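Right, one structure below, let's go through it.
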Amino acid sequence: MRPLVFAAWFLLSIHTSYSQAPMKVVLAGDSTVATVTQAPKDRPDLAGRGQMLGEFLPDARVINHARSGTSTKSFRTLGLWDRVLKEKGEWVLIQFGHNDQPGKGPERETDAATSYRENLRGFVGEVRAGGGKPVLITSVARRVYADGRMTSTLGPYVEAVQSVGKELKVPVIDLHRASFALFQQMGEKFCQLYAPSETDRTHFSHEGARMMARLVAEGLLREVPELRHQVRLMPPPPAGLPFEVKLTTLSQGYDGKTCWVHPRAGAIPGRTPSVVLTMQKLLLTGSDVFYALNDTRSDDLGTTWSPITEHAKTLGRRQEPDGTIVAACDFTPKWHAKSGKLLGIGHTVLYRDDKVVENRKREASYAVYDDKSRTWSAWATLKMPDEPKFFNAGAGCVQRFDLENGDILLPIYFKAKEDKFYRVTVLRCSFDGTTLRFIEQGSEVTLESGRGVYEPSLTRCAGRFYLTLRNDTAGYVCTSDDGLHFGPIKPWQFDDGSELGNYNTQQHWITHGDDLYLVYTRKGAHNDHVFRHRAPLFMARVDPSTLKVKRDSECILVPERGARLGNFAVTEVSGNETWVTVAEWMQTWSPNIVLPTNNAFGADNSAYAARILWKP
């Protein structure tokens with residue numbers, strides 16, 4: 001069900017509602033739902049999720065009658081339920097429980113096994129009698145931890161809501177489960193972001209209230225099919241874009257132990273291009289612990305895919321005489337027109353006891369695809385000049401550019417064994433269909449900050465070369481006339497002068513004609529819960545004269561579901577179609593590093609292809 005919901009989220013979010021008159025959605029609930037019109041001085045950021053729900057139902061009229069401190073009992077005795085019924089809403093969303101619990105006083109408390117259920121049944125029956133449709137919502141979890149683990153006393157009330165929903169055939173959104181899973185995963189310290197004060201574990205800041213509203217909106221997508229056309233989980237794309245995006249799922253599902261990473265595709269030209277996509281498994285309990293490369297192939301532009309095939313003999317791990325394990329990773333295939341071969345390039349990584357060897361030798365690795373046998377050559381390494389500075393020199397996660405004469409401009413990042421900072425350079429290499437050979441090195445791009453600059457990506461647009469650079473605190477860009485010698489670097493910015501917000505991850509290029517685009521992730525998109533803000537995945541046009549990203553052209557290629565979307569790649573499938581491929585990477589911050597299979601947003605290690613279809 002989750003993948004269908006995700007597809008609905010993406011497709012419905014890029015279309016306006018077909019409803020002519022605003023649909024009326026009425027809310028009944030307690031303080032976690034109520035609109036805060038005047039926040040108290042000790043909690044100036046206090047908000048309820050009900051006041052945020054309209055963002056996700058932009059074509060509906062959301063009317064919020066929730067009141068702080070109310071229960072299923074007091075909401076009626078205070079006359080608030082009568083107000084809800086008088087609204088004659090098409091839909092009524094009902095959430096109570098916190099103030100029904102024991103200890104809240106005889107005016108409010110109810111018994112989860114008896115009176116609470118009877119009150120819910122009464123609400124449901126009266127909404128239906130008035131021609132409306134009820135939706136029950138379980139109570140949001142309180143952010144209460146014991147020894148680092150979430151706890152809850154709301155269980156009997158949650159079970160009661162689910163039971164009444166099943167009995168009366170009413171949709172139930174399990175906000176308690178989703179919020180509990182989110183708070184457990186993110187941990188007590190992070191969840192202070194969602195609190196209106198240091199001591200309030202029940203109510204929410206504006207950001208926290210928005211997140212709870214999002215969880216409710218996602219619940220509407222799953223549980224209330226009639227409302228799917230009303231829900232919008234992300235902003236629509238700007239008007240007038242010269243392309244449309246079709247998001248497809250290539251694979252999905254994981255076991256909580258390993259996950260697919262680095263899905264990157266190469267296109268073999270033809271009347272209908274064939275797409276070969278490689279990816280590899282990651283050990284979730286380790287750090288960058290990769291296994292053999294696998295591939296899958298589509299000969300119908302992604303409509304169908306061959307079974308995922310492991311190439312352990314040619315693209316797998318190798319054991320060195322001293323017991324060290326060497327693997328090829330961060331691998332990107334791309335068609336090499338001059339030789340008529342699909343050439344994949346990445347780099348090596350060394351392990352001992354499934355841990356990355358620090359300060360290790362690294363080499364650019366490559367392999368060649370045989371289209372007839374659908375196999376790969378055994379990965380080999382690029383022979384570099386015997387210089388100390390190339391002790392750690394890799395081409396993982398980079399974007400190369402092939403010249404018309406067949407030479408390859410391959411950006412790499414490198415450092416000597418004793419160096420602190422990575423540097424970037426572009427190599428000019430030859431490739432004869434079998435062997436990749438070093439010819440020359442371009443200028444060196446440096447930055448003495450963090451780990452330096454690394455994971456570069458190169459393209460050419462309108463006769464000029466453009467290079468992106470990863471740094472721990474920001475993404476950078478520079479330009480060149482020949483693809484080898486580059487000018488000074490500058491941090492990425494929007495065209496309004498504000499920082500792009502990309503940091504500690506890659507950016508890649510898309511070109512179409514003389515138009516230059518950047519694909520990236522960034523902070524500032526209500527995505528603080530995502531590791532290093534690496535989701536959603538954005539695309540925007542770049543002004544070549546200023547090297548700034550045009551904010552009004554930004555659109556989302558792949559929405560986020562709580563998992564990062566790093567380590568993506570761009571594939572030029574044809575003149576009419578460009579793909580961006582990426583997978584949900586199922587690791588996050590310590591101490592709860594592994595995203596569980598029952599996570600709050602339904603992330604399931606899906607691998608995606610965002611197909612960018614260029615308009616004539």
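Computed from a predicted structure; not experimentally measured.
The neighbour count for R61 CZ, taken as heavy atoms of other residues, nucleotides or ligands under 6.0 Å away, does not exceed 12. Within 6.0 Å of CZ in R67 there are 12 or fewer heavy atoms belonging to other residues, nucleotides or ligands. The number of heavy-atom neighbours closer than 6.0 Å to CG of D353, taken from other residues, nucleotides and ligands shown, is 12 or below.
Relative to the ring axis of F601, R214 places its NZ or CZ within 45° and under 6.0 Å from the centre. Under the 6.0 Å distance and 45° angle rule, R611 does not count as a cation-pi partner of F243.
Counted by atom type alone, T588 and Q185 present zero donor-acceptor pairs between their side chains at under 3.5 Å. Between the side chains of Y157 and H176, no donor-acceptor pair of N or O atoms lies under 3.5 Å. Side-chain contact of R108 with Q101: a donor-acceptor pair under 3.5 Å is absent, judged by distance alone. Looking at D30 and T70, their side chains never bring a donor and an acceptor atom within 3.5 Å of each other. Counting only N and O atoms by type, the side chains of N294 and E310 include no donor and acceptor under 3.5 Å apart. For the residue pair T32/Q95, the side-chain donor-acceptor check at 3.5 Å is satisfied. Side-chain polar atoms of T521 and R564 form no donor-acceptor pair below 3.5 angstrom.
Each of R76, R121, K86 was checked for a salt bridge (Lys or Arg N to Asp or Glu O under 4.0 Å) with E126, and the lone residue meeting it is R76. Only one option out of E554, H533, Q507 pairs with R522 in a side chain to side chain donor-acceptor pair (under 3.5 Å); it is E554.
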*Before giving the answer on salt bridge (charged side-chain N to carboxylate O under 4.0 Å, His left out), spell out for K523 and D528 the whole-Å C-alpha distance, their side-chain angles and the decisive distance to 0.1 Å.*
CA-CA 7 Å; K523 56 188 175 182; D528 290 336; over 6 Å; no
*E218 and L233: side-chain contact (heavy atoms from CB on, under 4.5 Å), yes or no, with the steps?*
CA-CA 8 Å; E218 291 188 1; L233 294 182; 3.6 Å; yes
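Shortest non-hydrogen contact noted between H529 and G562 is CD2-CA, 4.0 Å.
The salt bridge (charged side-chain N to carboxylate O under 4.0 Å, His left out) test applied to K550 returns no partner, not counting sequence neighbours. Residues passing the side-chain contact (heavy atoms from CB on, under 4.5 Å) test with S68 are S31, sequence neighbours excluded.
Put simply, the side chain of L27 does not reach to within 4.5 Å of the side chain of I63, judged on heavy atoms. Looking only at side-chain heavy atoms (C-beta outward), N99 and E109 stay at 4.5 Å or farther from each other.
A distance of 12.0 Å separates CH2 in W260 from CG in L250, rounded to the nearest 0.5 Å. Distance check: T72 OG1 to Y116 OH gives 6.5 Å after rounding to the nearest 0.5 Å. Once rounded to the nearest 0.5 Å, the distance linking CG of N567 with CG of D330 reads 6.0 Å.
Classification of E55 and R210 as a salt-bridged pair holds, one side-chain N sitting under 4.0 Å from a carboxylate O. Taking the charged nitrogens against the carboxylate oxygens, E226 and K133 do have a contact shorter than 4.0 Å, which makes a salt bridge. Looking at R117 and D111, no side-chain N of the basic residue comes within less than 4.0 Å of a carboxylate O on the acidic one, giving no salt bridge.
Residue pairs that meet the ring-ring contact (aromatic ring centres under 6.0 Å, His included) test with at least one member in residues 24-63, sequence neighbours left out, do not exist here.
Separation of the H262 and W585 ring centroids falls under the 6.0 Å cut-off.
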